[in-house]
Amino acid sequence: MGKQHWVGEVRAGTHDGSEVELKGWIHRSRGSNKIWFLVLRDSTGVVQCVVKREDVGDDAFESLSTALIESSVIIRGTVETTDREHRHEVLVSSGEVVGPVNPERPFPITESAMSEADGGQTEFLLDNRHLYLRTGRMTTMMKLRSTVFGAIHSYFRDRDFIEYQAPNFVAGAVEGGSTLFEVPYFDRKAYLTQSWQLYAEAAMPALERLYTMAPSFRAEKSRTRRHLTEFWHAEMEVAWASNAEIMEYGEGVVRHISKTLLDERSDELSELGRDLDTVASYADSEYPRMRYDEAIEILQGKGVEVEWGQDLDYSKEKVLTSDFEVPHFLTHYPRVAKPFYHRPDPDDANYVLCHDLLAPEGYGEIIGGGERTWSETEILDRIEEEGTPREPYEFYIDIRRYGGVPHGGFGLGVDRVCAWLSGADHIREVIPFPRDSRRVTP
RNA sequence: GCCGACAUAGCUUAGUUGGUGGAGCGGUGGACUGUUAAUCCACAGGUCGCAGGUUCGAGUCCUGCUGUCGGCGCCA
């Protein structure tokens with residue numbers, strides 16, 4: 001790489017008193033006719049560079065001092081310690097502009113746009129998302145996001161899970177048919193996948209423990225702080241596992257993500273205003289289990305109008321989780337509220353062996369999972385009972401004709417977890433190019 | 001699909017009973033040897049989302065349209 005020195009190293013004191021060559025972009029620029037201050041940004045942070053006319057000469061002084069914000073530059077100089085902000089400065093000996101910014105089209109994202117925008121939610125910042133990515137807030141979010149992805153991979157790989165990929169063009173739904181994205185597929189129709197699960201179950205007898213992280217697509221017209229039409233889905237499937245065991249993995253991975261963020265990204269969490277003790281409580285606590293029936297009783301006790309058999313919508317989740325300080329599992333939903341692949345409870349067939357993990361602070365459901373219906377007769381009954389067309393699921397039924405075994409898994413909304421743990425106001429803040437029902441550009 | 005808001009300069013916005021559209025940031029030119037969203041002076045920049053209507057006169061009132069945002073149902 002044609003770059004040896006990094007701003008983060010300068011800030012850490014690695015190069016105190018030494019010559020460095022910094023390559024980056026102008027974050028801020030100010031000064032007078034003899035001395036100029038360039039705040040230089042690279043992927044590791046910002047540092048102030050002091051350019052004196054007498055040191056660099058008139059030509060370099062003119063080109064550096066007139067370069068606009070987000071011009072790319074190479075700066076050479078000596079690192080000095082200081083009592084000023086950032087504790088370190090670069091006293092510039094020479095430098096040049098690499099990629100200038102045209103004054104007719106200055107960098108459009110101003111301080112006012114940033115400060116009023118509340119996390120990049122204005123139309124303007126969404127239209128300029130390709131430029132918004134390089135702002136401090138979004139850069140920090142992308143680093144946190146990378147750590148979350150890494151933590152999920154390490155959690156499963158450390159437990160001998162095999163990463164496995166399913167097709168994204170599919171013929172059938174996992175969730176409701178109305179949320180399918182239909183795409184032309186030569187002379188037929190196909191759909192974008194809503195979940196890896198059905199194809200994971202096909203590989204379950206081969207791999208026994210498998211996981212993935214991949215995008216899922218749902219054509220929901222939802223406009224909420226928790227929804228995207230394209231979201232990153234961490235899913236896992238385990239042979240011979242019960243609902244309770246699957247929940248152990250769910251709790252484990254969420255706690256592992258929280259701990260990894262604290263270990264590797266505490267500065268970034270603090271930068272975003274996240275209280276580290278709150279995140280630590282998510283890493284250290286056990287997550288209570290609560291049956292659906294208990295949740296209904298609690299809600300009814302609070303005067304919420306809810307009938308047994310209803311799925312719990314967000315407004316009810318919110319009332320329920322308002323007293324929770326850590327994530328809670330909700331288990332044993334009524335059979336009528338859940339799709340065919342959930343396994344009915346052998347102890348009471350009115351319920352299914354499933355679980356949702358509800359995050360506190362109003363972030364809602366972050367995991368949905370459970371045991372799968374695994375015998376041929378039971379899956380056929382469930383499909384018929386639901387009135388679901390059988391054809392797209394023939395392969396899924398066939399799996400059960402050859403050595404079916406109990407198994408289960410879950411899906412975790414990675415973006416939701418990122419939003420929750422970073423304390424973001426909106427799920428859009430944690431993904432570089434958010435997709436919702438009204439936006440596919442840029 | 002439903003409910004509710006909003007739309008003024010590149011950005012963030014002010015605009016009073018309807019009476020000549022202002023400012024800050026950003027840009028340009030100038031001043032300034034330690035600035036922290038630097039400061040000071042000057043200049044440029046507007047089809048007030050679009051189309052109708054009411055009126056002597058509409059950024060402002062009315063209707064329609066478009067776009068955007070927030071929320072709901074559903075979900076991760």
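The shown structure was predicted, so the numbers you read here are calculated from the model rather than taken from an experiment. In what follows, chains are A, B, ... by sequence order, proteins preceding strands, each numbered from 1.
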Can you tell me how far [atom2] of [N] sits from [atom1] of [X], to the nearest Å?
| X | N | atom1 | atom2 | answer |
| --- | --- | --- | --- | --- |
| A/Asp55 | B/U33 | CG | C1' | 11 Å |
| A/Asp313 | B/C2 | CG | C1' | 15 Å |
| A/Phe231 | B/A76 | CZ | P | 7 Å |
| A/Asp425 | B/G71 | CG | C1' | 15 Å |
| A/Arg225 | B/C69 | CZ | P | 14 Å |
| A/His227 | B/G1 | NE2 | P | 17 Å |
| A/Glu220 | B/A76 | CD | C1' | 9 Å |
| A/Leu357 | B/C75 | CG | P | 16 Å |

Quiz item: Can you check whether A/Arg30 has a side-chain N or O nearer than 4.0 Å to OP1 or OP2 of B/U39?
Solution: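 No.
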- Item | Any A/His426 side-chain N or O less than 4.0 Å from OP1/OP2 of B/G70 |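 The answer is yes; a side-chain N or O of A/His426 sits under 4.0 Å from OP1 or OP2.
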Extract all donor-acceptor atom pairs below 3.5 Å that involve side chains of residues 143-150 of chain A and protein atoms in other chains or at least two apart in sequence.
from     : atom 1 : to       : atom 2 : distance (Å)
A/Lys143 : NZ     : A/Ser43  : O      : 2.8
A/Arg145 : NH1    : A/Asp415 : OD1    : 2.8
A/Arg145 : NH1    : A/Val430 : O      : 3.1
A/Arg145 : NH2    : A/Asp415 : OD1    : 3.1
A/Thr147 : OG1    : A/Lys143 : O      : 3.2
A/Thr147 : OG1    : A/Arg265 : NE     : 2.9

Contacts of A/Val336 meeting side-chain contact (heavy atoms from CB on, under 4.5 Å) (sequence neighbours excluded), chain-then-number -> A/Pro334
For A/Thr321, the side-chain contact (heavy atoms from CB on, under 4.5 Å) test, sequence neighbours excluded, returns A/Phe324, A/Leu358
Which nucleotide in [options] has an atom nearest any side-chain atom of [X]:
| X | options | result |
| --- | --- | --- |
| A/Ile35 | B/G1, B/C74, B/G34 | B/G34 |
| A/Lys52 | B/C69, B/G34, B/G1 | B/G34 |
| A/Leu228 | B/A76, B/C72, B/G34 | B/A76 |

query = Under 4.5 Å between any side-chain heavy atoms of A/Leu126 and A/Arg428, yes or no?
reply = yes
In numerical order, the residues of residues 79-94 of chain A whose heavy atoms come under 4.0 Å of RNA chain B are A/Arg84, A/Glu85, A/Glu89
Need one value for [X]: base, sugar-phosphate or nothing, where a base atom within 4.0 Å counts as base even if backbone is also close, heavy atoms only.
| X | answer |
| --- | --- |
| A/Asp311 | sugar-phosphate |
| A/Arg226 | base |
| A/Leu412 | nothing |
| A/Ser216 | nothing |

| What class does the angle between the rings of A/Tyr396 and A/Phe340 fall in, given that below 30° is parallel, 30 to 60° is tilted and above 60° is perpendicular? | perpendicular
Encoded 5' to 3' (Watson-Crick or G-U under 3.5 Å; [ ] crossing; | other strand), RNA chain B becomes (((((((..((((.....[..)))).(((((.......))))).....(((((..]....))))))))))))....
Under 4.0 Å between a Lys/Arg side-chain N and an Asp/Glu carboxylate O for A/Glu220 and A/Arg226?
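Looking at A/Arg226 together with A/Glu220, the answer is no, because their closest N to O distance does not fall below 4.0 Å.
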| Expressed in whole Å, how much space separates the P atoms belonging to B/A44 and B/G10? |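 Nearest-Å result for B/A44 against B/G10 at atom P: 16 Å.
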For this session: Between B/U63 and B/G18, how far apart are the P atoms? Round to whole Å, please.
Result: 16 Å
message = On RNA chain B, compare the nucleotides closest to A/Asp436 and A/Ile427; which residue's is nearer the 5' end?
response =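 Its nearest nucleotide being more 5', the pick is A/Asp436.
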Here's a test of your reading of the structure: between A/Phe124 and A/Val414, which maps to the more 5' nucleotide of RNA chain B?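 Of the two residues, A/Phe124 wins.
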From the list A/Tyr351, A/Tyr292, A/Trp308, ring-ring contact (aromatic ring centres under 6.0 Å, His included) partner of A/Tyr333 resolves to A/Tyr292
Subject >> Worked check of salt bridge (charged side-chain N to carboxylate O under 4.0 Å, His left out) between A/Glu19 and A/Arg76 >> reply: CA-CA 7 Å; A/Glu19 296 282 324; A/Arg76 292 168 213 92; over 6 Å; no
**Message:** According to a cutoff of under 5.5 Å between the ring centres and under 30° between the ring planes, does A/Phe37 stack with the base of B/G34?
**Reply:**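 Not stacked: fails the 5.5 Å / 30° test.
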* Indicate whether any N or O donor in one side chain lies under 3.5 Å from an N or O acceptor in the other, for A/Glu325 and A/Ser281. => no
If you take the centroid of each ring, where Trp contributes its six-membered ring, are A/Tyr211 and A/His153 closer together than 6.0 Å?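 Distance test on ring centres: under 6.0 Å, yes.
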Nearest-0.5 Å distance that lies between atom NE2 in A/His233 and atom CZ in A/Arg218:
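Between atom NE2 of A/His233 and atom CZ of A/Arg218 there are 5.5 Å.
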Exercise for review: Using atom types as modelled and distance alone, determine if a side-chain donor or acceptor of A/Glu235 lies under 3.5 Å from a backbone N or O of A/Trp196.
Suggested key: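 Confirmed, A/Glu235 side chain pairs with A/Trp196 backbone.
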Notebook entry, point to check: Within the modelled atom types, does a donor on one side and an acceptor on the other bring the side chain of A/Arg223 and the base of B/C3 under 3.5 Å apart?
Noted result: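 Check fails, no donor-acceptor contact within cut-off.
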Per-nt protein contacts along nucleotides 22-32 of chain B (heavy atom under 4.0 Å; B base, S backbone sugar-phosphate only, - none) come out as --B-SSS---B
Hey, does the Lys NZ or Arg CZ of A/Arg159 hover above the aromatic six-ring of A/Tyr249, less than 6.0 Å from the centre and inside 45° of the axis?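 Judged by the rule, A/Arg159 and A/Tyr249 form no cation-pi pair.
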